[in-house]
Participant: 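One structure, as structure tokens, below. Some questions next.
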Amino acid sequence: MSSSSKKNNLTPNEAPVQFMDTTFRDAHQSHLATRLKLEDMLPIAEKIDQAGYAFIEMWGGATFDSAVRYLKEDPWERIRQLKKVMPNTPFQMLLRGQNLVGYRHYADDVVERFIDRAILNGMNVLRIFDALNDLRNLKTSFRATMKYGGKVQGAFCYTVSQFHNNDLFVDLAKRLEDMGSDSICVKDMAGLLSPYNAFDLIRKLKAEITVPIHLHTHDTSGMAVATYVKAIEAGVDVIDTAISSMASGTSQPPVETLVKILEGEPRDPKLEMTPLTEIADYFTVVRKKYSAFESDYTGVDPRVLTYQIPGGMTSNLALQLSEQQALDRMKEVLDEVPRVREDFGFPPLVTPASQIVGTQATLNVLTGERYKVITSETSNYLKGLYGKPVGPINEEIQKKAIGDGVLVTCRPADLIEPEMDQAKKELEEALGKAVDNVEDVLTYVLFPKVALDFFNHKGQAVEEKPSDDVSDGIGQAPLIAPSEFHVKIHGETFDVKVGGVGHPGEGGRPYFIYINGHLEEVMVESLMEVMPSAEGRIESHAGGRSIRPKVANDGDVTTPMPGAVVNVKVKLGEKVKAGAVILIIEAMKMQSEVHTAIDGVVKAIHVSEGDRVNPDEVLVEVRSA
Ligand code: MN
């Protein structure tokens with residue numbers, strides 16, 4: 001980092017441009033709601049490994065959550081399986097600093113173990129960022145990555161506001177280099193970086209930074225190819241692209257386009273087109289399987305430049321609003337997002353800040369009153385538990401959100417006690433057996449409820465395989481038509497297949513139904529009940545039909561959006577005051593408090609923890625005393 005080595009960077013970069021392929025991570029996170037399964041990666045993995053990429057991004061970001069929550073896949077196993085068939089190209093992952101791949105800050109011991117296991121399983125480069133660019137939140141993950149032999153790629157989030165400019169970004173990059181980064185990434189998660197500003201920013205970075213500079217952007221506004229070309233002219237070392245059939249729109253620009261643009265030029269990467277074409281053909285077919293997860297907002301969407309909302313966030317908001325039959329209020333929510341962002345001190349709109357701001361903006365619109373309902377995450381954010389944004393926070397709203405609570409000024413994770421031992425105990429208790437695999441404990445710490453669901457599924461798949469006896473039954477019994485169908489509930493599609501029918505017994509006749517490939521046993525008393533029973537079982541996975549009364553009274557407490565009950569805060573007969581917290585609801589991966597609008601007594605409780613709930617249903621009845 002001596003000044004003489006820095007001067008070398010002022011000579012033009014003549015090295016071939018390097019590419020990182022994002023198809024296994026950001027591309028399907030952007031286009032297919034992160035649903036790409038390992039089984040659809042493995043057949044093409046070897047070809048991608050040999051295509052000449054410098055790095056392959058295949059883990060982290062939302063892939064961990066999605067694997068456990070929706071795909072019922074062990075995310076740790078994904079690294080191992082891919083490493084077997086992709087031994088040549090370094091693996092890279094996206095890590096949200098102290099948030100790892102989750103949505104809150106975890107204790108240092110969790111961060112350390114998580115990174116240890118990721119590297120042990122085959123991760124090579126960790127792209128580490130903090131949503132607020134608060135570098136205190138990167139300290140532990142940097143240290144752990146170095147300790148366990150991984151490469152640190154320090155990333156800062158690029159965003160646009162009256163408080164952000166290229167000098168601030170260069171300063172951030174310098175500090176990231178001083179903290180030990182092996183490379184620096186400009187993370188333009190929303191696709192806001194214009195070609196000419198990219199040129200200016202990259203040129204300034206190359207003048208000040210010794211380690212390689214990576215550029216990550218999204219093609220949402222249609223500018224990204226031009227942005228990369230100007231960044232290449234300014235000397236950027238590595239750019240992120242996806243294979244063409246998974247590229248463009250909210251994803252990265254297509255690799256083939258950039259390869260062709262650079263052909264014969266001084267920085268020609270000399271990647272062969274034939275294998276790239278084969279990979280593109282493969283994903284043209286595979287992508288169709290996931291069409292249910294494609295967003296309505298595909299193609300070029302210049303609104304991103306107006307609203308400065310990442311593409312993934314737009315499609316998320318659209319999905320949430322359509323669940324509420326409120327898609328017509330999209331424009332209001334898009335207008336509210338920048339206002340909430342300003343109240344919050346202009347955080348870059350990236351996970352988890354994008355979810356916190358997006359959910360709060362949605363609530364502000366749907367409840368008809370700004371900050372009438374404040375999510376727990378909003379109040380934690382305003383307390384300083386996520387760190388410090390670059391802009392000032394709206395003090396009036398801060399006061400409303402945290403009341404007499406204390407503002408946090410230290411590194412937020414300093415306030416978190418070690419979590420691993422407690423989590424292991426909890427998990428062992430929940431599963432009723434010893435858990436020796438630290439990866440399972442980590443999965444549980446990150447997503448407790450989702451992880452338990454996942455472990456129970458795994459257990460069933462092994463223990464409840466149909467016995468030979470049952471297989472005989474399948475052979476004898478008539479199959480029900482249709483035996484295979486898709487059920488769509490709240491935008492989530494379930495593959496349902498009737499696998500077979502067992503021998504009738506005391507409790508009825510067992511029917512074996514596969515939901516998303518996982519075996520469920522359903523006991524039914526007669527054939528006539530087969531369809532409703534199967535439906536009931538599916539519903540219990542994904543929704544639950546409403547058996548609760550409709551809201552009709554001022555004291556009827558409901559949820560502002562579809563979600564799950566985390567906590568019932570009141571007891572029958574309890575006296576409550578207007579504004580008191582009645583329930584905690586989890587929706588859109590956020591927890592929100594639900595309050596009573598009136599003073600009174602709790603007359604009825606229609607929910608318990610874990611129940612799925614919808615707006616307009618009465619969850620708790622408060623009546624004036
Ligand atoms: Mn991205």
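Basis for what follows: all heavy atoms, side chains included, without hydrogens, waters or symmetry-related copies. Please read these numbers as outputs of a predicted model, since none were measured by experiment. Read the numbers this way: they start at 1 and go in the same order the structure lists the ligands and their atoms.
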Participant: Which residues satisfy the ring pair (Phe, Tyr, Trp, His ring centres under 6.0 Å) test with Tyr228, sequence neighbours excluded?
Facilitator: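 Tyr228 satisfies ring pair (Phe, Tyr, Trp, His ring centres under 6.0 Å) with no residue once adjacent residues are dropped.
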Participant: Between Asp237 and Lys206, is there a salt bridge with N-O shorter than 4.0 Å?
Facilitator: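 Answer for the salt bridge query: yes.
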Participant: Can you tell whether the side chains of Lys260 and Glu263 come within less than 4.0 Å, N to carboxylate O?
Facilitator: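 Looking at Glu263 together with Lys260, the answer is yes, because their closest N to O distance falls below 4.0 Å.
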Participant: Keeping to distances under 2.8 Å, can you name the protein N/O/S atoms close to the Mn ion (ligand 1)?
Facilitator: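 Hits for the Mn ion (ligand 1) below 2.8 Å: Asp26 OD2, His216 NE2, His218 NE2.
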Participant: Testing the basics here: between Val101 and Phe447, what is the closest heavy-atom pair and its distance to 0.1 Å?
Facilitator: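 Answer, listing the atom of Val101 first, then Phe447: O-CZ, 3.4 Å.
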Participant: Return the minimal non-hydrogen interatomic distance between Ala242 and Gln252, and the atom names on each side.
Facilitator: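 So the two residues come closest at N-CB, 3.8 Å.
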Participant: Any chance the rings of Trp76 and Phe454 have centres within less than 6.0 Å?
Facilitator: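 Ring-ring flag for Trp76/Phe454: false, centres at least 6.0 Å apart.
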